[in-house]
Student: 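First the structure, then my questions, so here it is.
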Amino acid sequence: MSKNPKRFYVVMAILAGVYVALAILLKPSQAMLDQYGISLTKAYIIIMSVAIMLAAIWASAVYGFVHVLEYAKLIAATKDGKAMHKLAIGLGLIAFRSPVTSIFINLMNGITQHYPDLADTGVILSNYLSVAVAVIGFWLINQASEQLLEVAGRTPNSRVRMAFRLLSLGLISLYTFLAIGRGGYQFPTNPGGRASFYLPNWLIVSTIIVPYAYAWYLAFVASYNLIFYSRNVKGVLYKQALRWVAWGINIIILSTIVFQLTGATGSRGNKLSLGPLLLAAYLLLVLIGAGFVVIAVGAKKLKRIEEI
Amino acid sequence: MSQSVYDQLIAATSELLGPASARFIDRQIDNHLHIEPRQITSKDVDTLSHWIRLSISMLSDDKETLKDYEAALQELSRAN
């Protein structure tokens with residue numbers, strides 16, 4: 001790969017700029033203001049504070065991704081280099097998933113203000129876009145972690161994977177409980193409002209919840225593999241650097257899962273729970289950004305080993 | 001069959017740098033001795049050890065961590 005990974009900073013800056021511009025240009029709908037019981041001014045304050053925070057988090061996400069990609073480039077011809085490249089691409093998908101889906105959602109919100117019949121299409125497409133990128137991103141990270149285990153020449157206990165399978169099955173139940181069965185998940189509860197899915201229950205479970213649970217299973221296994229690899233691979237200095245990458249990925253995986261479940265809880269827009277839900281969402285997003293910064297610290301240490 | 005000087009260097013360095021050890025040693029030999037890595041002989045070990053110590057010191061100043069590696073390099077110099 002001869003192209004400079006730093007070009008992704010430009011891509012992310014453009015995406016962040018588009019998102020902030022859309023946030024300013026697209027006036028919140030009256031239905032949304034009524035749903036949350038807030039004024040237009042307060043809505044703009046919330047929207048702009050979220051936009052600025054998201055831009056900062058996306059900056060840290062691309063920062064972590066670019067450093068891993070640069071490290072993978074340095075060791076491209078090697079076995080661990082191929083694994084790191086796959087890891088970088090997976091992290092890149094996770095990093096860019098948020099701005100791309102956020103812009104898409106904002107665009108669809110703007111379009112549906114003029115063409116309300118497209119509301120369900122927009123929600124369905126954004127849900128499927130989000131789950132598809134999550135599955136592919138975590139699959140790549142999982143595959144990278146399996147390749148790294150080959151480098152270490154050791155494999156973890158298979159019972160751990162069984163435990164993760166059971167955990168993922170449990171998360172299907174939890175996500176289903178949070179996401180469906182209450183008002184607003186299939187159809188809007190008030191005129192001009194939004195539903196979470198606009199899909200029948202069986203499609204929600206089979207095409208959104210189950211794929212997410214599969215993505216989370218892949219993520220759990222990847223997380224465990226990376227920790228196992230960082231503990232069992234040789235090289236004191238190499239391990240010290242790699243541990244940052246492994247823990248950064250763990251922070252991102254756990255925060256992403258909790259964020260998705262929190263979103264399912266808050267999707268019905270209960271105005272009484274808006275404050276705590278927003279706070280939880282902010283904290284999780286900050287954690288995701290912090291995870292990418294931790295990854296960058298580790299990737300920079302690994303790069304240093306290859307450059308001296 | 002005794003290990004070559006190159007393989008001994010890799011083995012010692014892998015305790016510090018793991019999968020990156022071969023790449024590190026190849027780079028040090030190429031940059032400071034200007035020979036093919038596997039052509040390194042016992043006569044080159046002293047010179048190379050100096051550069052290796054310098055490079056490793058840029059990665060870590062933890063003397064405890066580097067103590068064993070230093071001892072391994074000195075052993076290599078003496079044995080060869």
Side-chain angles (χ1 to χ4, degrees), chain A residues 67-88 144-155 225-247 296-308, chain B residues 3-38 40 44-76:
Chain A
H67 278 294
V68 176
L69 192 60
E70 285 176 340
Y71 171 63
K73 256 189 85 171
L74 283 174
I75 59 171
T78 65
K79 200 170 183 183
D80 51 325
K82 289 177 174 47
M84 280 296 173
H85 186 254
K86 209 169 269 189
L87 183 74
S145 72
E146 298 285 348
Q147 282 181 299
L148 286 173
L149 287 181
E150 289 173 19
V151 172
R154 292 190 63 181
T155 48
N225 284 350
L226 288 167
I227 297 292
F228 184 88
Y229 174 70
S230 69
R231 285 184 181 164
N232 288 279
V233 73
K234 281 182 91 173
V236 173
L237 297 182
Y238 180 80
K239 283 163 72 149
Q240 282 175 0
L242 188 70
R243 212 169 287 145
W244 285 86
V245 176
W247 280 107
V297 170
K300 284 169 81 172
K301 288 177 186 289
L302 289 169
K303 279 197 297 180
R304 190 99 179 99
I305 291 173
E306 303 297 333
E307 287 166 347
I308 52 151
Chain B
Q3 277 184 317
S4 67
V5 171
Y6 176 77
D7 290 332
Q8 288 176 64
L9 273 169
I10 301 290
T13 309
S14 68
E15 296 300 321
L16 268 192
L17 301 182
S21 54
R23 300 189 288 266
F24 172 80
I25 292 297
D26 286 358
R27 214 160 43 244
Q28 301 305 313
I29 295 174
D30 184 44
N31 288 344
H32 302 298
L33 300 181
H34 309 293
I35 58 175
E36 282 296 311
R38 289 199 174 269
I40 188 170
D44 305 312
V45 173
D46 253 346
T47 309
L48 187 68
S49 295
H50 162 73
W51 291 109
I52 288 175
R53 284 191 196 92
L54 200 61
S55 298
I56 292 291
S57 69
M58 292 162 74
L59 290 176
S60 173
D61 54 6
D62 182 351
K63 287 184 171 33
E64 199 55 43
T65 301
L66 303 178
K67 195 173 59 175
D68 291 338
Y69 186 58
E70 282 275 351
L73 283 180
Q74 282 170 11
E75 185 61 37
L76 263 175

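Chain letters run A, B, ... following the sequence lines, proteins first and then strands; every chain starts at 1.
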Student: For Phe24(B) versus Ile308(A), what's the shortest heavy-atom pair and its separation?
Tutor: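 For Phe24(B) versus Ile308(A), the nearest heavy atoms are CE1-CD1, 3.6 Å.
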Student: Looking at every non-hydrogen atom in both residues, tell me the closest pair between Tyr238(A) and Ala20(B) and how far apart they are.
Tutor: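 Scanning both residues completely, I find the closest heavy atoms to be CD1-CB, 4.5 Å.
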Student: Nearest 0.5 angstrom please: Lys301(A) NZ to Ser60(B) OG, how far?
Tutor: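 Between atom NZ of Lys301(A) and atom OG of Ser60(B) there are 9.0 Å.
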Student: Nearest 0.5 Å please: distance from the CD1 atom of Ile305(A) over to the OG atom of Ser21(B).
Tutor: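 So the CD1 of Ile305(A) and the OG of Ser21(B) are separated by 10.5 Å.
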Student: Is the CZ atom of Arg53(B) crowded by more than 12 outside heavy atoms at less than 6.0 Å?
Tutor: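 Yes, CZ of Arg53(B) has more than 12 neighbouring heavy atoms, counting only those of other groups under 6.0 Å.
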Student: Measuring from Leu17(B):CG to Lys234(A):NZ, what's the distance to the nearest 0.5 Å?
Tutor: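 The distance works out to 11.5 Å.
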Student: Apply the test side chain to side chain contact (heavy atoms under 4.5 Å, CB included) to residues Arg27(B) and Glu307(A): give CA-CA distance (whole Å), side-chain angles for both, the deciding distance (0.1 Å), then the verdict.
Tutor: CA-CA 9 Å; Arg27(B) 214 160 43 244; Glu307(A) 287 166 347; over 6 Å; no
Student: For the residue pair Pro19(B) and Tyr229(A), what are the closest heavy atoms and their distance?
Tutor: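 It is CG-OH, 3.7 Å.
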Student: At a heavy-atom separation under 4.5 Å, does Thr65(B) approach chain A through its side chain, its backbone, both, or neither?
Tutor: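 Looking at Thr65(B), just its side chain touches chain A.
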Student: Work out which heavy atom in Arg23(B) is nearest to a heavy atom in Ile75(A); give both atom names and the distance.
Tutor: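 For Arg23(B) versus Ile75(A), the nearest heavy atoms are NE-CG2, 3.3 Å.
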